[in-house]
Amino acid sequence: MSTFVDNDQRPLGHGRMLRKEDRRFVRGRGTYVDDISLPGMLHLAVLRSPVAHARIVGVDTLAAEAHPKVKAVVTGAMLAERGLAWMPTLSGDVQAVLATDKVRFQGQEVAFVVAEDRYAARDALELIDVEYDVLEPVVDVRRALDDDAPLIRDDLEGKRDNHCFDWETGDPAATAAVFDRAEVVVRQELVFPRVHPAPMETCGAVADYDRVEERLTLWATTQAPHAHRTLLSMFAGLPEHRIRVVSPDIGGGFGNKVPIYPGYVHAIVGSMLTGRPVKWTEDRTENLVASGFARDYVMQGEIAATRDGRILGLRSHVLADHGAFNGTAAPRKFPGGFFGVFTGSYDLEAAYCSMTAVHTNKAPGGVAYACSFRIAEAVYLVERMVDLLAAELGRDPVSLRMQNFIRPEQFPYTSRTGWVYDSGDYPRAMAEALRIAGYDELRAEQAERRSRGELMGIGVSFFTEAVGAGPRKDMDMLGLGMADGCELRVHPTGSAVIRLAVQTQGQGHETTFAQLVAEELGIRPDDVDVVHGDTDNTPYGLGTYGSRSTPVSGAAAVLAARRVRDKARLIAAGMLEVAPEDLEWTKDDSGGRFDVRGVPDTGVTIQQIAMRAHGAGDLPAGVEGGLDAQISYNPDNLTYPFGAYICVVDVDPGTAVVKVRRFIAVDDCGTRINEMIVEGQIHGGLADGIGMALMEFIGFDEHGNCLGGSLMDYLIPTALEVPDWECGTTVTPSPHHPIGAKGVGESATVGSPPAVVNAVVDALALYGVRHADMPLTPSRVWEAMQGRAAPPF
Ligand code: MCN
Ligand code: CUN
């Protein structure tokens, strides 16, 4: 159980404290994009394609234009005249802002209406008449590359097939060699289905274009306001200093709010055309059907080992469904994202992965969902393959993992695909999970239940994440570099404001970044205000995704505070008339201070120093006034958090319903700033993982109709489907982060799906089941059970 600490009672700096932002949120005082209301504001609604693939023969907007409350009706043809019909995606592909020639997925944007109110805008959509010449859609990813498959991207010159990209990583020859000499090889096709982040708040924007000043203000649900400003400037040709992107309170992102969506551009165009502010707010179905999807990988897994369980190699071919437009936010040289870490937590001899990505008539795929850009898929692959190997060898899945872990003394460890893991102690985390779970007792209980025909399963997974992009030049997503800025100002009375490039969507940045500064300066977290999400008022940086806020901006915040402290030392030396080296920094519950070394309690507090810095007395020669610092931080490496998860399930043999009975999660994200917030991140991610493993799934029928367009069809777990989480901690600091912190925001989503699937497969071992694909709905589990002989009782 978590214990919450009254914020007035807690020490200065790191540790459990209640979230500062919740004072606002629990009273309904948050300001989300849809809460923005400007004088004269108009409303925008989008007409979307009812079919997955069709040629547009004609669009008749006359009746809609005649609607008394309609101010503008815009079609793809109108945008094309201004060169605005297509926009770049984060992968370097292009995406239609409004369809011109063809529609390529159900729900694609075809036209939009700007009207006096939301109802009129919606009504007017029904007055637009679009004539479609329906084409055969490509729905099945395995059909996409058939010779006679319909061509989806005929907008691209010279394009002859539905190929999106090829990519490979690792050493194919070395891997083939270890497979040749392996005593045991296990192969399995694994499907990670298409899922959706489904944040509580859907996407939206309010655009306000001032024609006289030629200035654009865009309130938008974005996880990366600065990056969006730059991209908008490059795309729309507006000077960047005349664009202000404001990302106010965000009701969850989970990766869904990384891309720029056509709707943002519609709002901007609408405001430019009408000269009035324009609001666009997606409804739930629009969000589920047309905004970014994740996963959708068909993976051929192969694992090679010796008979005594030494893993030699891992190989995979991946068929990736990227939908009609490639929306992946991946570093340019890694179109397969961070899938390259698929060797996981194991020290093996060789690994190779080849990937073929294709287009289908589905919404843009390859977007993120609390995944660290494909690490969820990578961890699923390796953790299922290791379990399959354990089953083949008749080994316990824990002992097989322990045998093959990268050992603590091997860090920093360069993986076979070239990733440098910064630090780790995997056996310790695994041992802690076993201890909390009471693993041996669980196995004994399972044996006893099995003898009675009960289906109890115990699933283990161990993950290594790679978060905090990014240091390497080739990891640069947009050609902008990956550094993040942060600016700290200490006021004369010693309170402070920190301005960040990253943007919280629920992760608690207003609290943890205040704690980071408080810890370094010896002031109360409540005395530090955190400003973010407004490009006019924050330094440049690439935003929040890939759990990079703590590894990158968090480091910037600490370094800014330390720079302030260095300056404070000079000022204190002047105040106390000693040399700076003779001062000693101390911090206790009453605050931070510089004392003369060896003479405690004679010094000056950070507040006294701040007052002096702002003009209350002389400063030493050469020291400027003020107590501020600005940092732009580019980390030396990613951080590699890790964890050991154990899931216990019971499967009802009569109904095939899976019940998660227990979930034990030991996470190591290095030094923790606020344990309560970290636990909250883990709880949320575990719920995500259970959702993906057991119920979340966006399916399509043979016509390309999306079958997951509402939360009645796209199921996400509720309090009823999740157990009381049992969390444990180990702390292995990152050697290159100033306080040793690693990111944690996606760890549990990445690590938990294989634990659940491994548990269900373990439960079904009595039926001879070796593997079953997610989501493990009752019908899937039932099918798996029917595929094999029923147990002999
Ligand atoms: N933290 C900490 N100690 C650490 C690591 C993190 O106290 N060693 C704290 C951080 O300071 C921050 C939170 O935990 O308050 C998450 O930090 P971090 O791991 O740096 O991740 P980000 O802040 O960059 O958040 C991004 C990450 C991603 S990419 C997705 S997707 C996701 C996630 O966060 N989306 C979320 N968690 C989410 N949580 C909520 N409520 N809503 C989302 O949309
Ligand atoms: Cu992978 S989802 Mo988060 O990086 O925004």
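Each ligand, and each atom within it, is numbered from 1 in the order the structure gives. Throughout, residue positions are numbered sequentially from 1 according to the sequence presented.
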Look at [atom] and find which of [options] reaches it with the closest heavy atom.
atom: atom 7 (O) of ligand 1; options: Asn674, Asp668, Thr671, Leu516; answer: Asn674
atom: atom 16 (C) of ligand 1; options: His683, Gln681, His14; answer: Gln681
atom: atom 10 (C) of ligand 1; options: Val258, Thr550, Val502; answer: Thr550
atom: atom 35 (N) of ligand 1; options: Gln515, Gln507, Arg19; answer: Gln507

Could you tell me which non-hydrogen atom of [X] sits nearest to which non-hydrogen atom of [Y], and how far apart they are?
X: Arg524; Y: Ala518; answer: C-CB, 3.9 Å
X: Gly543; Y: Arg548; answer: O-NH1, 2.7 Å
X: Glu201; Y: Tyr32; answer: OE2-CB, 3.6 Å

Is a side-chain donor-acceptor pair under 3.5 Å present for Ser547 with Glu746? yes

Thr732 versus Lys742, side-chain donor and acceptor atoms under 3.5 Å: no

Closer than 2.8 Å to atom 1 (Cu) of ligand 2, how many protein N/O/S atoms do you count? 2

Polar contact flag for [X] and ligand 1 (N/O pairs, less than 3.5 Å):
X: Thr544; value: no
X: Gly253; value: yes
X: Phe513; value: no
X: Glu746; value: no
X: Gly506; value: yes
X: Cys669; value: yes
X: Gly745; value: yes

Could you identify the single nearest non-hydrogen protein atom to atom 3 (N) of ligand 1 and state the distance to 0.1 Å? Ile673 N, 3.1 Å

Write out the residue and atom name of the closest protein heavy atom to atom 19 (O) of ligand 1, then the distance separating them to 0.1 Å. Val744 N, 2.5 Å

Phe293 six-ring face occupied by Arg194 cation (under 6.0 Å, within 45°): yes

Per-residue contact class, [X] against ligand 1 - non-hydrogen pairs under 4.0 Å:
X: Arg548; value: backbone
X: Lys742; value: backbone
X: Val678; value: side chain

Hey, which atoms in ligand 1 end up nearer than 4.0 Å to a heavy atom of Gly743? 19 (O)

Of Leu516, Thr544, Ile677, Ile498, which meets side chain to side chain contact (heavy atoms under 4.5 Å, CB included) against His509? Thr544

Distance check, rounded to the nearest 0.5 Å: Met774 atom CE versus Arg295 atom CZ? 8.0 Å

Indicate the ring-plane relationship of Phe462 and Tyr426, choosing parallel, tilted or perpendicular according to the 30° and 60° boundaries. tilted

Would you say Thr512's side chain and Ile673's backbone share a donor-acceptor pair under 3.5 angstrom? no

For Arg562, is there any backbone N or O sitting under 3.5 Å from a side-chain donor or acceptor partner on Glu520? no

For residues 550-557, dump all side-chain donor-acceptor pairs below 3.5 Å to protein atoms at least two apart in sequence or in another chain.
{"unit_1": "Ser553", "atom_1": "OG", "unit_2": "Asp484", "atom_2": "OD2", "d": "3.2"}

Within ligand 2, which atoms have a heavy atom of Gln223 less than 4.0 Å away? 5 (O)

Is the Phe411 to Tyr640 ring centre distance short of 6.0 Å? no

Step through it carefully: locate the ring centre of His322, locate the ring centre of Phe165, and say whether they are under 6.0 Å apart. yes

Taking N or O atoms only and a 3.5 Å limit, does Ser547 qualify as a polar contact for ligand 2? no

Member of Phe342, Tyr380, Tyr645 meeting the ring pair (Phe, Tyr, Trp, His ring centres under 6.0 Å) criterion with Phe463: Tyr645

